[in-house]
Number of protein chains: 2
Amino acid sequence: MQLEKVTKQQKRIYDDACGLAHALELIGERWSMLIVRELAYGPRRFSELKADLTGISANVLTQRLSDLEQRGIIRKAKLPPPASVQVYEATDWGLEAAPVIARLGRWAARSPLHDPTLPISHVAIMMSLETMIDPTRAGDLKGRLGFRLGETSYVAVLRNGVLDIQRGEIADCDVVFTAVPAALAGVIYGGAPLETIGVEGDIALARRFVTLFPLPEKVSRD
Amino acid sequence: MQLEKVTKQQKRIYDDACGLAHALELIGERWSMLIVRELAYGPRRFSELKADLTGISANVLTQRLSDLEQRGIIRKAKLPPPASVQVYEATDWGLEAAPVIARLGRWAARSPLHDPTLPISHVAIMMSLETMIDPTRAGDLKGRLGFRLGETSYVAVLRNGVLDIQRGEIADCDVVFTAVPAALAGVIYGGAPLETIGVEGDIALARRFVTLFPLPEKVSRD
DNA sequence: CCGTATCCAATAAGATACTG
DNA sequence: CAGTATCTTATTGGATACGG
């Protein structure tokens with residue numbers, strides 16, 4: 001008879017002082033980094049997150065949001081009236097993780113196993129533009145680009161080979177793209193013709209812009 | 001009677017074209033990134049990995065190694081005779097993930113929850129030096145530093161505020177440190193006196209060197 | 001020493017229904 | 001819409017036995 005079967009298995013913590021191990025305790029659980037990604041361009045509400053993180057269930061999302069909040073990576077906020085809805089937003093420190101995980105994504109894009117035809121969120125496609133732009137191809141091309149992706153709009157400012165992206169209303173743009181995220185991805189990365197999405201404004205700039213994102217060469221299977 | 005209870009729950013795959021999601025499928029499982037970290041400075045054998053990844057069990061390590069190999073991130077290799085032992089090493093592409101995950105570690109070091117007193121592997125401490133050095137403090141300081149960390153030795157070349165680290169025999173070094181990883185961490189990050197570890201050679205350089213790694217300021221809990 | 005195979009217990013994740 | 005509650009399935013880790 002085993003009266004006191006001691007639970008030796010603690011809480012599945014890495015016993016490791018390395019910063020990486022700690023990072024994995026902070027955002028290494030399933031879905032956590034994707035949640036941080038979704039908050040990269042500003043606050044989102046529960047239902048948006050649930051919709052854009054295909055396959056996450058409500059209880060896991062709840063759990064992750066609460067864990068990330070406890071760890072100081074995100075916080076709850078209330079949008080100002082008249083919206084007054086509750087949203088989740090990244091803290092300043094949490095936001096600093098975004099460029100790092102974006103680089104992880106860039107690394108993985110070289111995998112021969114990567115399937116770019118899966119669904120993609122508007123945050124993910126915008127972040128990929130920021131990460132995958134080739135500064136050499138961009139040269140000294142400048143412009144202010146608008147993106148209408150379903151309900152959500154972004155403005156990207158191109159200068160010195162760098163894209164500076166912000167979520168927000170489209171104003172004073174040289175060119176405006178209108179598309180669902182997957183269609184935009186098809187044009188930028190899949191070689192689909194520009195005509196498959198909506199383009200208003202400086203068409204020449206648009207044509208040039210969509211060529212600035214070369215697919216990284218796939219790794220060969222040794 | 002349920003004859004065909006369909007298994008809808010597939011393989012816990014993210015249904016997401018985003019590179020980050022794919023990265024997490026490649027190296028997002030528990031232990032995977034730590035294994036890549038351990039291979040950052042060259043091949044290691046099974047028992048070394050098991051010893052340095054505190055808490056991993058043999059069957060999980062086996063599983064991860066085989067997954068990572070299938071995905072093209074690591075490969076099996078045999079050390080040349082007379083050693084002739086089997087080792088695991090990162091592929092060129094796998095190695096490219098190392099600086100990215102190192103930056104993840106740097107990000108996490110700012111967490112107020114980080115406990116730097118846990119055990120640390122020699123790879124982890126060497127990688128942290130590469131990541132945490134402050135180029136401004138280093139200025140134009142130059143030198144060739146040797147590290148004897150238990151069985152394993154590293155050589156770090158400091159130039160232009162950058163540390164270039166390689167595993168290998170110590171030769172022609174200006175100064176050589178001898179310590180267990182935790183003791184070296186204590187001196188570099190914990191403010192322990194230099195006398196707590198072994199130092200041979202240019203003591204002045206050693207004193208200067210250990211000040212080049214400022215702890216990042218902790219995030220304040222909002 | 002270097003793993004692999006098997007079995008068990010604990011935890012995490014997913015599906016679904018349901019509540020304020 | 002924003003989550004909880006409950007139940008089921010999958011993954012993990014620990015122990016141990018076994019083969020090269």
Side-chain angles (χ1 to χ4, degrees), chain A residues 2-16 21 24-25 27-35 38 43-69 74-79 82-89 151, chain B residues 2 4-16 21 24-25 27-35 38 43-70 74-79 82-89 151:
Chain A
Q2 298 151 301
L3 276 187
E4 304 181 25
K5 182 128 195 184
V6 183
T7 303
K8 256 175 287 178
Q9 209 163 320
Q10 306 252 29
K11 286 170 69 188
R12 231 172 253 193
I13 287 292
Y14 295 111
D15 190 24
D16 192 327
L24 294 173
E25 282 168 4
I27 56 172
E29 291 162 290
R30 194 165 158 73
W31 298 109
S32 291
M33 291 195 207
L34 297 179
I35 292 172
E38 285 299 316
R44 313 288 305 278
R45 42 200 303 188
F46 189 93
S47 54
E48 295 179 293
L49 293 172
K50 176 141 169 30
D52 285 342
L53 298 169
T54 326
I56 198 171
S57 56
N59 47 5
V60 172
L61 181 54
T62 303
Q63 179 71 50
R64 289 296 175 280
L65 290 172
S66 124
D67 287 348
L68 290 172
E69 189 183 3
I74 71 174
R75 70 167 85 87
K76 281 183 188 164
K78 210 174 190 99
L79 248 39
S84 293
V85 297
Q86 185 191 276
V87 289
Y88 295 88
E89 66 183 5
E151 307 272 276
Chain B
Q2 298 149 301
E4 304 182 25
K5 180 128 194 182
V6 183
T7 302
K8 255 176 289 180
Q9 206 164 321
Q10 308 252 30
K11 284 169 71 191
R12 229 173 253 192
I13 286 291
Y14 296 111
D15 190 25
D16 192 327
L24 294 173
E25 282 169 3
I27 57 172
E29 291 162 289
R30 196 167 155 72
W31 297 109
S32 291
M33 291 196 207
L34 297 180
I35 292 172
E38 285 300 316
R44 313 286 307 277
R45 42 201 303 191
F46 188 92
S47 54
E48 295 178 293
L49 293 171
K50 177 141 169 28
D52 285 342
L53 298 170
T54 325
I56 199 172
S57 58
N59 46 5
V60 172
L61 180 53
T62 302
Q63 179 70 48
R64 290 296 176 282
L65 290 171
S66 123
D67 287 348
L68 290 172
E69 190 183 2
Q70 265 199 308
I74 70 174
R75 71 168 84 88
K76 282 184 187 166
K78 210 175 191 98
L79 249 39
S84 293
V85 296
Q86 185 188 278
V87 289
Y88 296 89
E89 65 183 6
E151 307 272 277

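Chain naming here is simple, since letters A, B, ... match the order of the sequence lines and numbering starts at 1 in each.
For A:Q63 and D:dG3, the shortest distance from a side-chain N or O to OP1 or OP2 is not below 4.0 Å. Contact annotation: A:Q86 does not reach the phosphate of D:dA2 (side-chain N/O to OP1 or OP2, under 4.0 Å). The shortest distance between the side-chain N/O atoms of A:R30 and the OP1/OP2 oxygens of C:dG14 is below 4.0 Å. Between B:R45 and C:dG3 there is no side-chain polar atom (N or O) within less than 4.0 angstrom of OP1 or OP2. A:R64 has a side-chain polar atom (N or O) that falls below the 4.0 Å cut-off from OP1 or OP2 of C:dA13. Between A:T62 and D:dG3 there is no side-chain polar atom (N or O) within less than 4.0 angstrom of OP1 or OP2. Using a 4.0 Å cut-off, no side-chain N or O of B:W31 falls inside it from OP1 or OP2 of D:dT12. The phosphate of C:dG3 has OP1 or OP2 within less than 4.0 Å of a side-chain N or O from B:Y88.
Contacts between residues 50-60 of chain B and DNA chain C, counted as heavy-atom distances below 4.0 Å, involve B:A58, B:N59.
Between A:K78 atom NZ and D:dC1 atom P the separation is 16 Å, expressed in whole Å. For the pair B:E29 CD and D:dA10 P, the computed distance is 16 Å after rounding to whole Å. For the pair A:I35 CD1 and D:dG3 P, the computed distance is 12 Å after rounding to whole Å. Atom-to-atom, CD of A:E25 to P of C:dA12 comes out at 12 Å; the value is rounded to the nearest Å. If you measure from atom CD1 of A:I13 to atom C1' of D:dT12, you get 14 Å, rounded to the nearest angstrom. For the pair B:L24 CG and C:dA12 P, the computed distance is 18 Å after rounding to whole Å. We find that CG of B:D67 is positioned 11 Å from P of D:dT11, with the value rounded to whole Å.
Remark on the helix from C:dG3-D:dC18 to C:dG20-D:dC1: inter-end axis angle 30°, axes from five-pair C1' superpositions, rounded to 10°.
Both A:Y14 and A:V85 lie close to DNA chain D; mapped to their nearest nucleotides by heavy-atom distance, the more 5′-ward contact belongs to A:V85.
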